[in-house]
Protein chains: 2
Amino acid sequence: MKKTGQATINDVARLAGVSKKTVSRVINRSPLLNDETRDRVEKVIAEIGYVPNPQARALALRRNFLIGLIHDNPNPHMVLNVQQGLLEVLRDTEFELIVHPVDRGAPTMLDDIKRFVERQRPFGVMLLPPISDNDSLAALCRDNGVRYVRMGSAQFDEPLHMVASNDREVVCSAVGHLIEAGHRRIGLVLGPHGFRSALERRRGYEDALDRADITLQRTLVAQGDYTFESGMRAAERLLDLSPRPTAVFCSNDAMAAGVLHTARQRGLDVPRDLSIVGFDDTSIASHLWPPLTTVRWPIATMARAAALKLIGEDDEDSGESLFVSTLIRRASVAAPLE
Amino acid sequence: MKKTGQATINDVARLAGVSKKTVSRVINRSPLLNDETRDRVEKVIAEIGYVPNPQARALALRRNFLIGLIHDNPNPHMVLNVQQGLLEVLRDTEFELIVHPVDRGAPTMLDDIKRFVERQRPFGVMLLPPISDNDSLAALCRDNGVRYVRMGSAQFDEPLHMVASNDREVVCSAVGHLIEAGHRRIGLVLGPHGFRSALERRRGYEDALDRADITLQRTLVAQGDYTFESGMRAAERLLDLSPRPTAVFCSNDAMAAGVLHTARQRGLDVPRDLSIVGFDDTSIASHLWPPLTTVRWPIATMARAAALKLIGEDDEDSGESLFVSTLIRRASVAAPLE
DNA sequence: TTGTATGCGTTATCAT
DNA sequence: ATGATAACGCATACAA
């Protein structure tokens, strides 16, 4: 055989008494093939344990069998869950996952991704928030014939290219949960400017107040940037207010943990003096004291769906593109004191 | 030019008035090259923005310019930090990171990795704990001419193939810290059986007791498996003891958080009634209440060093292979009451 | 120091 | 339905 020890398509062809092209057809499931020939080739393939060489395929097809994960390192919890979901589908396929983080903010970001796409020629790429917002990235993929799926807090692309969560709706019901418990002065800690998720969650908060005929008070809205520290800062401002809010919805768990931290430093009891709701259901949420009421969105499920869209046949149904989040009720919410 | 729009080595050769081979020599920094020729070729390369096609190189060289990250999904914090460190070095190189998780426990693990290595033919792979222990994996890489670096809690391979932390030593000093504070009954929550890290940390604990002439009591040692829940279970057993331990060293932060949780459920005050020390310095450690005294190991630094070993020139010094961890003192440790 | 011919393992073209 | 031959883009052996 070969010196490398790896069987090639030539070995298969020779042993099966057919041409390379025929073997190639078997591998690529060409429909116009004699069943008998196909069987014979497949038997040889199984016998010698032949697997096509990905590098040669990539060269000939001008397309790699890799799925790229492009992200701007938002929260680690999300990135890892996405990887896990993706890999669950990719495992046992010929695809591998290639991780390519970028620096949103850097002016070279688009060039960087362009180089990545043009050089690696991945089969498809998954775009994570917040950069999934970026329409030029989607266009870049389309122009290069690279499949893509965008993950986001709302549907801003065709179902084939989108896995979205219903942030606005679920936040509305989360804040509604606080209102039902009797709260009227409900603080909001925003996510960072320019993040679609921050916008959607803010809208959900406003929807809930609207629905309950509560006037939106701008002083109750504090800026945050999804970090623990920004949660602390927001809490310092919010808890200085008089009257104090009796509850706070935080646009993610890390900030909720920061709010909790600051509240405790001030001698406040959670949830007696302050109810807190987070978003993400990261592991910290359930391990905090008290355990945090929060929103869980099905990241891994969305990633699995995305993987299927990325590697699926062209003629297949593209599957779900909207995924519902759920409110996880824990001990950080109670009725207000007064 | 070509229909794909991408310049090839042929374009460069034609424009520079040399042969493909000469261009190839320039790319691969062949020493025997006329400086003038080199300059001319390099100018053309820069002009048309030529970049070698990775797929073609991979085919010709029988080796991909990819770095594989093989892991068994230990803790997310670690995996992500490793990725970050690796990618910091890989960014702006021709290498990309390909993530390949496996299932320790599955009998097919070795086959799975073997297939991965033989098919993808990565330039090098990084082996994360706990599977980095596995010598057959290292042998597999060696046999296939794939570079590898193992990450571990002790040095169990040559420096070229190893980035190790000094778990035993730092745990000894962490437990020593508790002893200096006045503790004598110090509990230990172990990591899972078969994990090298668990073993090293246990040894560190034993060293510290030894050094202080404290007799090791088996009842003070509780089994854990690095999860929050196992920390809770361990605490339940340990806190039932009479006399109770006044301090507990936990082999990671997640278990420390579990111990803290259970202690609080029992109405114990931390650190007054119980001092707790963790390991890892995950983000949860500093966000807990009280903030957790823990051990920080330089994961990202180790990953960067590993990346350099993986892509470095053969004749280069292999760099550091031992990395020191440090004790981060926070509020979860105090002198015992009695 | 540089060029020519050939190989890497697969797919595509165009026959038959 | 199948096969011969030429890409794909780069590297290596061997010449010159």
Side-chain angles (χ1 to χ4, degrees), chain A residues 1-42 44-45 48-66 94 118-121 123 145, chain B residues 1-42 44-45 48-66 94 118-121 123 145:
Chain A
M1 220 152 286
K2 323 293 300 192
K3 51 199 163 195
T4 71
Q6 301 284 7
T8 77
I9 199 172
N10 288 307
D11 300 319
V12 178
R14 187 166 33 74
L15 289 164
V18 297
S19 75
K20 288 162 47 160
K21 183 58 200 169
T22 301
V23 178
S24 177
R25 288 201 178 91
V26 172
I27 295 168
N28 296 305
R29 309 172 191 290
S30 165
L32 19 77
L33 248 179
N34 193 326
D35 282 349
E36 187 200 353
T37 314
R38 181 198 310 279
D39 287 348
R40 188 149 37 98
V41 173
E42 278 178 344
V44 173
I45 288 179
I48 67 176
Y50 162 75
V51 277
N53 177 311
Q55 286 76 31
R57 302 229 301 165
L59 180 58
L61 288 170
R62 284 173 221 71
R63 156 168 293 208
N64 235 316
F65 283 63
L66 299 171
E94 58 197 327
E118 287 179 349
R119 291 195 49 187
Q120 287 310 126
R121 298 217 152 270
F123 193 85
Chain B
M1 218 154 286
K2 322 294 298 191
K3 50 198 164 195
T4 70
Q6 300 282 6
T8 76
I9 198 171
N10 288 308
D11 301 318
V12 177
R14 187 164 34 74
L15 263 51
V18 296
S19 75
K20 288 164 46 162
K21 181 58 205 169
T22 302
V23 179
S24 176
R25 287 202 178 89
V26 172
I27 295 169
N28 296 307
R29 309 171 190 291
S30 163
L32 18 77
L33 247 180
N34 194 325
D35 281 350
E36 188 198 352
T37 314
R38 180 198 310 277
D39 287 348
R40 187 150 38 96
V41 173
E42 279 179 343
V44 173
I45 288 179
I48 67 176
Y50 163 75
V51 278
N53 177 309
Q55 286 76 30
R57 299 220 317 155
L59 181 58
L61 287 169
R62 283 175 220 71
R63 155 166 296 209
N64 236 316
F65 283 62
L66 299 171
E94 59 196 325
E118 288 179 350
R119 291 196 47 186
Q120 287 312 124
R121 297 218 152 271
F123 194 85

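Computation of the quantities below employed the complete heavy-atom set of this structure, encompassing side-chain atoms and omitting hydrogens, waters and symmetry-equivalent molecules.
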Can you tell me how far [atom2] of [N] sits from [atom1] of [X], to the nearest Å?
X        : N      : atom1 : atom2 : answer
B:Ile45  : D:dG9  : CD1   : P     : 16 Å
A:Arg119 : D:dG9  : CZ    : P     : 14 Å
A:Asn34  : D:dG3  : CG    : C1'   : 15 Å
A:Arg14  : C:dT10 : CZ    : P     : 13 Å
B:Asn64  : C:dC8  : CG    : C1'   : 13 Å

### Message
Holding to side-chain hydrogen bond (donor to acceptor under 3.5 Å, both in side chains), I want the full list of residues that pass it with B:Ser19, two or more places apart in sequence or in another chain.
### Response
B:Thr22
### Query
What pairs with A:Ser24 under side-chain hydrogen bond (donor to acceptor under 3.5 Å, both in side chains), at least two apart in sequence or on another chain?
A:Asn28
### Query
Between B:Arg121 and B:Glu118, which heavy-atom pair has the shortest distance, and what is it?
CG-O, 3.4 Å
### Task
Please name all residues satisfying ring-ring contact (aromatic ring centres under 6.0 Å, His included) with A:Tyr50, sequence neighbours left out, ordered by chain then number.
none
### Query
Residues in salt bridge (charged side-chain N to carboxylate O under 4.0 Å, His left out) with B:Arg57, at least two apart?
B:Glu94
Holding to side chain to side chain contact (heavy atoms under 4.5 Å, CB included), I want the full list of residues that pass it with [X], two or more places apart in sequence or in another chain.
X       : result
B:Asp39 : B:Glu42
A:Asn53 : A:Gln55, A:Ala56
B:Ala16 : B:Val18, B:Val41, B:Val44

### Summary
Whichever of B:Leu59 and B:Ser19 has the more 5' nearest nucleotide on DNA chain C, that residue is B:Ser19
### Task
Would you work out how much the helix from C:dT1-D:dA16 to C:dT16-D:dA1 bends between its ends, with each end axis defined by five base pairs, to 10 degrees?
30°
### Query
Going 5' to 3' along nucleotides 10-16 of chain D, which nucleotides have protein heavy atoms under 4.0 Å from the base (write B), which only from the sugar-phosphate (write S), and which from neither (write -)?
BBB----
